Structures are given as C-alpha cells and as structure tokens.
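See below for the structure under consideration.
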Amino acid sequence: MSDINEIRMQVMWNRLISVVEEQALTLLRTAFSTSVREAGDLSAGVYNARGEMLAQAVTGTPGHVNTMAEAVLHFIAEIPREEMYPGDTYVTNDPWKGTGHLHDITMVSPSFKGEELIGFFACTAHVVDVGGRGFGADGKSVYEEGIQIPIMKFAERGVVNKDLLKILRLNVREPNQVIGDFYSLAACNDVGHKRLIEMLVEVGYDNLDTLGDFILSRTHAATMERIAGLPKGAWTNDMLTDGYDVPIRLAAEVSITDTGVNVDFSGTDAMSRWGINVPLIYTKAYACYALKCVVAPDIPNNAASLAAFNVSSPTNILNAERPAPVSVRHVIGHMVPDLVLGALAKALPGQILAEGAAALWNIHISARPVAGSAGRRAEVLMFNSGGMGARPGIDGLSSTAFPSGVHTMPIEATEHTGPIVVWRKELRPDSGGAGKYRGGLGQIIEIAPAEGHEFDFSAMFDRIATPPRGRDGGEDGAPGSARLDDGTKLRPKGWQHVPAGRKLVLELPGGGGFGNPAERSAEATVEDLSKGYVTEKKQ
C-alpha cells in the first residue's frame, strides 16, 4: 500500500471512531435512566458484515463493549440474512448471549448501503428495571430476576414491535423510563448508520471491506508484536471475595505463548445459589480488558486485538450455566481484572498496580411513603466507587470506577429521581493502603429517605471482609462497611430496609498501596496530611 493510501486509511479509521462516538453521545443525550445519561453505563460499536467489531466508542464500559464483540455474532446466528432489512433493529437481554444480566439491553441494527448489507451497529445500556425481584442478588434462578427478551426484532423495516412494548409495560416498575431507553438505543444505532453512509459516499466506497481489512490487519500485527516482547510461561493467582454469605475463591492461570495470551479459571469456586454468578461472556470481557491494559493499552480495541486473548473455564461461578441467577454478576466480574493482573504481576514484577475496590458499590433503592403518609414511589439506581490500587510510580486514583469506567451520578440527579436525601458524600481519610505510592481513597456516603418515606435497598457491595491487597510491600486498602446510623450492621449483599428517620452509612474500600511505605517521600506525606487524605493517627 502506498504512503498516500496508508494515510487515507488512517484518516478514515479515525473518522469511523468519530462515527461511533457520535452514536454513543446520542444515547447519552436521549436516555431516560440516570445510570445511562449521568453515569455513562453504556457502549456503542460498529461491525463489519461478518460481525467483527471494527471500532468502539470511548464512552462505555469494558463489560459492555467486550461482551458486544461476541454478542453480535449471536444475533447473526439467530436472524437469517434473508430476514434482515433496512430499518431493522434487533434486541435481547439474554445474559448468556448479551452482556451477562437482564438489566442490560443490547440492540443491533444491520447497516445497508443500497441493497448490500455492509455491517452492523450495536449498543448496550443498563435500564432501571426489568421486573422480577429487582436489581439484586436474592434470586435463586434467572427466572426470578426479570423479564427475558430472546433475540428478536424490536423494529422491522422501521416499524416498531408494539406487542413487545405492551409486554414490557406490564412487566417493569418504571415502564416510561424503560421504553424510553429502548427508543434511545434504537436512535443511537440509527445515527451511527446515517453517519457511516455519509462517510462512505464522501470517500466513494461501496462498503466497509477495504477499510475493515486495513483496521483488522494492522491491529493484529501491532498486538502480536507486543505479545512477542512479553516473557513466555504460565503464572497463577487467587483471591477471596466476600461472596453473598460465604467467601468465594477465584483462581486464574495466565499463560503467554508466541501465538497469544491464555487465561484459565480452573480452581475457582462452584456456582453460587445466589445471583452473583457470572456468565462466561462477561468474564471474558473483563479478563480481556485486564490483559489489554498491560499488553497493548494504546492499540485500538477491536476484533483483531481481542482475538489474541483466549479465555476458558470449567463450569463455576465465573462460567455460570443457565438458569443460574446472575443479576449482580458485575460484583464478581469486576474482580476478574485484579485476579488476572495479580498473575501478570509475577510475569512482569514491578509493573502492575495494586488491587483496588474493583466492584462498584451500586445501590438500587425502592422508595415509598410510610403507611398513612402522602408521597411518591420511585426506583433509584446509584453508582459509587471505592479507591483504585496504587500504580508503579504514582498514587492510586480516589473514588474511581476501575475496571468499569462509569461515572458517579451527581447527587442532584439522584435526588431528583426519587424521595431520598444524600446527606454526605466525601473522601474517606486513611482508607488508601500505605506504600511508597498510596492507594486511592474510598468515600463515605450517607443516604436517608425523604421525610415521610422509607426505602428498601439492594446491597451489591464487596471488599468488606476481604480488603484490596497491596503490591510489592504496599499495605492493604481499608475494607468497606455498610450500616445504619444507629450502628446496626448490614449485609454486603441482598435486599434490606432503611426505616423512616434513619440513614444508610456506606464506607467504601480504599485501594492497596504499592511499594515499601518507608520509602514514601516526605513531601508526599506532608501533602497527604495537608489535604486530609491521611490523619495524624496513621503516621
């Protein structure tokens, strides 16, 4: 390929990324759920006609993006090519063919240029409710966790399936929000398609074949070059998580060969009877994300870079089989990167960050008036993050969602959604693990029902009994805690009650430290004290 054509292809590649960024921003701007429009719990991507991901939006989570890379192939397998038409949009929330639990809605739309199918656009978002028990770990099977939508048509030739909408309205607690998000997802793909066609017409291309082959071939070559520079061998790691009522052991072996990187989760504990199980599609997504952060962080994420990583597991909590309950699959799934990174730390000593809070401290609140009082009912979803582990050469980030990457919703947006008051939300002093580089801080959050109200909430917390571990001599981060303001201890998972007049107090875990604490610079110690990150009692 000539230098001119090479440059032209690079420009078009960047343009394609801008197309999917606009696709994602459409979803952000039109979504009804606060988890989407405020926290960015979504993803968007473009695929070639074979269903291979060519580009993803920067806006989004690895759990969505990397599961969609596989999910689109399930859509293609379910819907015959001769039944695909311009104006179609397909949908599912199947945990094993989508993104791991029922709350995530995945939509895929074929992209036609004239009569030729040239590719697909896909997007995913977390909706506020899917019926059933509600967002939580208490279900005993997926059938209790909400409505299941098989891979089917949301719209055919531009005509929306009204029967599907009627079924949704009768099965969810917030029908206007949920159906609004369905339309937002469909609009998101439609914008991507329009911008793609405009680009192809402008450059005179009939389809994505030439550009797609350029993207995938260059990505494959760059990824394999990085893998060639890694040490070869196999390394293991294991860790404990809180589980639902008993600790859960996770285990991984990472092996690096000349042809790729393999991760195997043999030795991990069996499936749980509670809704913390993880379908393999979601485990793969976060295992690949961890590998990519180390092996090729600056190489675009697409089908070719993901193909260099192979993930396997026998049936266990990281490879749960239907009909296992999976509603809170993100809690254990978010531990997978720390698990994989711990093995890589043995292959690449001194180069891998310490463990962090990992799992989001999500709260789903079901608020209602106290009996005999006027008020309103509402379903409120709130995302919160603990501290990241310290990194080689720099402190950990405080209250940052790693590995998910979602934002924390603004307090104002959360309080507007339902009758609750957030009385306190601030960094938690002394929660970051000590080290040459300090772990990121967790946070303290106090939430109460509005006057005349009470609420039930679904706890989806971890790192309470098993704090994030430090690396290379760094100390562990502080464990988390959940309680009422009268001192009543609460469980880390499951639906629980906050009566009127009481506050829910959450102390989120801090990240582990990196390196010997005695080697921390005097300047950094003084700064920690002056900012209140560390108190005198910790010195």
Side-chain angles (χ1 to χ4, degrees), residues 35 39-43 56-69 99-101 104 124 126 237 239 241-242 250 252 254 261 263 265 276 278-299 301 305-306 309 311 317-318 328-345 351-362 383-392 394 396-408 439-440 442 460-463 466-469 471 477 480 508-512 514:
S35 59
D41 193 13
L42 61 96
S43 66
Q56 64 154 98
V58 174
T59 306
T61 75
H64 285 163
V65 168
N66 289 349
T67 50
M68 279 199 329
T99 65
H101 71 171
D104 285 342
T124 297
H126 182 110
N237 185 40
M239 65 188 299
T241 70
D242 293 356
L250 307 179
V254 176
V261 184
V263 182
F265 293 105
I276 57 175
V278 191
L280 186 60
I281 194 170
Y282 194 78
T283 299
K284 287 181 179 178
Y286 274 105
C288 289
Y289 175 66
L291 294 173
K292 199 162 184 313
C293 283
V294 173
V295 176
D298 54 344
I299 294 175
N301 192 53
S305 56
L306 292 173
F309 309 131
V311 179
I317 199 170
L318 292 177
V328 185
R329 54 76 168 112
H330 68 277
V331 174
I332 300 298
H334 286 175
M335 300 293 175
V336 167
D338 272 347
L339 178 65
V340 172
L341 291 170
L344 286 171
Q351 300 180 47
I352 308 297
L353 78 167
E355 292 181 359
L360 292 167
W361 274 46
N362 289 351
F383 291 174
N384 304 291
S385 305
M388 278 185 65
R391 298 157 287 175
I394 191 169
L397 296 172
S398 297
S399 298
T400 298
F402 176 84
S404 77
V406 299
H407 307 292
T408 295
M460 306 174 225
F461 314 142
D462 213 284
R463 301 293 205 187
T466 55
R469 295 176 293 189
R471 183 99 60 211
L508 278 62
F514 188 98

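Nothing here was measured: the structure is a model prediction, and the numbers come from that model.
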Provide the closest heavy-atom pair for [X] versus [Y] in the form atom of the first, atom of the second, distance.
X    : Y    : value
L291 : V254 : CD2-CG1, 4.4 Å
L341 : I352 : O-CG2, 3.6 Å
L360 : S385 : CD2-OG, 3.6 Å

- Task: Please name the residue in the list T61, N301, T99 that meets the side chain to side chain donor-acceptor pair (under 3.5 Å) test with N66.
- Result: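 Of the listed options, the one satisfying the test is N301.
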Is there a side-chain contact between [X] and [Y] (heavy atoms, below 4.5 Å)?
X    : Y    : answer
V340 : F265 : yes
M68  : Q56  : no
I299 : K292 : yes
C288 : V311 : yes
S404 : H334 : yes
I317 : L250 : yes
M335 : R463 : yes
F309 : K284 : no

As an exercise, state the distance from [atom1] of [X] to [atom2] of [Y], rounded to the nearest 0.5 Å.
X    : Y    : atom1 : atom2 : answer
L353 : L344 : CG    : CG    : 11.0 Å
T241 : D462 : OG1   : CG    : 5.0 Å
S398 : M388 : OG    : CE    : 10.5 Å

- Task: Measure from the ring center of H64 to the ring center of H126 and say whether it is less than 6.0 Å.
- Result: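 Between H64 and H126, the centre distance exceeds or equals 6.0 Å.
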- Task: Using side-chain hydrogen bond (donor to acceptor under 3.5 Å, both in side chains) as the criterion, list what pairs up with T466, not counting sequence neighbours.
- Result: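 Testing T466 for side-chain hydrogen bond (donor to acceptor under 3.5 Å, both in side chains), a comparison that skips the adjacent residues, returns D242.
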